[in-house]
Amino acid sequence: MTSYTKPLPVIDGENKPFWEYCRQHELRMQRCQQCGYIRFPISVICPKCHSMDTEWAKLSGKGTIYSFTIYRVAYHPAFKDDIPYVVAIIYLDEGPRMESNIIGCPVEDVRIEMPVEVAFDDVTSDVTLPKFKPSHVEAMK
Ligand SMILES: [Zn+2]
């Protein structure tokens, strides 16, 4: 049914909840039940206190751009029609950093420390990717 040709995440037992919540358009990450640390990437134990007691906490989906690059060359043929596009490290309000695309604005508008919020992209019937767009606050300025 789909002609999506870009690489897709490998969804396995450990990361399955993360991707299931993305399909429901919720950004959730593991929060340690012992010390409260929210961690990403996904791991079995808390890197701060080594507890395995965790819950999937719903995040605000808001953050700021920590760093980014503009891709002007398609290193994979499926991205040919997307260039130029932005790959960024987003510093989430709850602490973790994650890599994603910045969408919804021209690439030349992207700035370090720009406020962004998650924008879910249903790329296939099974996979929803969490991307980020400029936040409404920034867009109204
Ligand atoms: Zn902990």
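What you see is a predicted model; the values in this text were computed from it and never measured. These values consider heavy atoms only, across backbone and side chains, with no hydrogens, waters or symmetry-generated copies. Atoms within each ligand, like the ligands themselves, are counted from 1 in listed order.
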Using atom types as modelled, flag every donor-acceptor pair under 3.5 Å from a side chain in residues 94-105 to any protein atom, sequence neighbours excluded.
| from | atom 1 | to | atom 2 | distance (Å) |
| --- | --- | --- | --- | --- |
| E94 | OE2 | S60 | N | 2.7 |
| E94 | OE2 | S60 | OG | 3.0 |
| R97 | NH1 | Y66 | OH | 3.4 |
| S100 | OG | P130 | O | 2.6 |
| N101 | ND2 | V86 | O | 3.0 |

Can you list the residues that meet the side-chain contact (heavy atoms from CB on, under 4.5 Å) rule with V73, with sequence neighbours excluded?
-> Y75
Atom pairs and distances, side-chain donor-acceptor, residues 77-85, under 3.5 Å, sequence neighbours left out:
| from | atom 1 | to | atom 2 | distance (Å) |
| --- | --- | --- | --- | --- |
| D82 | OD2 | K6 | NZ | 2.4 |

When clusters are formed by joining ILVMFWY residues with side-chain heavy atoms under 4.5 Å apart, either directly or through shared neighbours, do I90 and I70 land in the same one?
-> yes
Distance filter under 2.8 Å, centred on the Zn ion (ligand 1) - protein N, O or S atoms that pass it = C32 SG, C35 SG, C46 SG, C49 SG
Answer yes or no: does atom OH of Y21 have more than 12 heavy-atom neighbours from other residues, nucleotides or ligands under 6.0 Å?
-> yes
Using the six-membered ring wherever Trp is involved, compare the ring planes of F40 and F18 and label them parallel, tilted or perpendicular (cut-offs 30° and 60°).
-> tilted
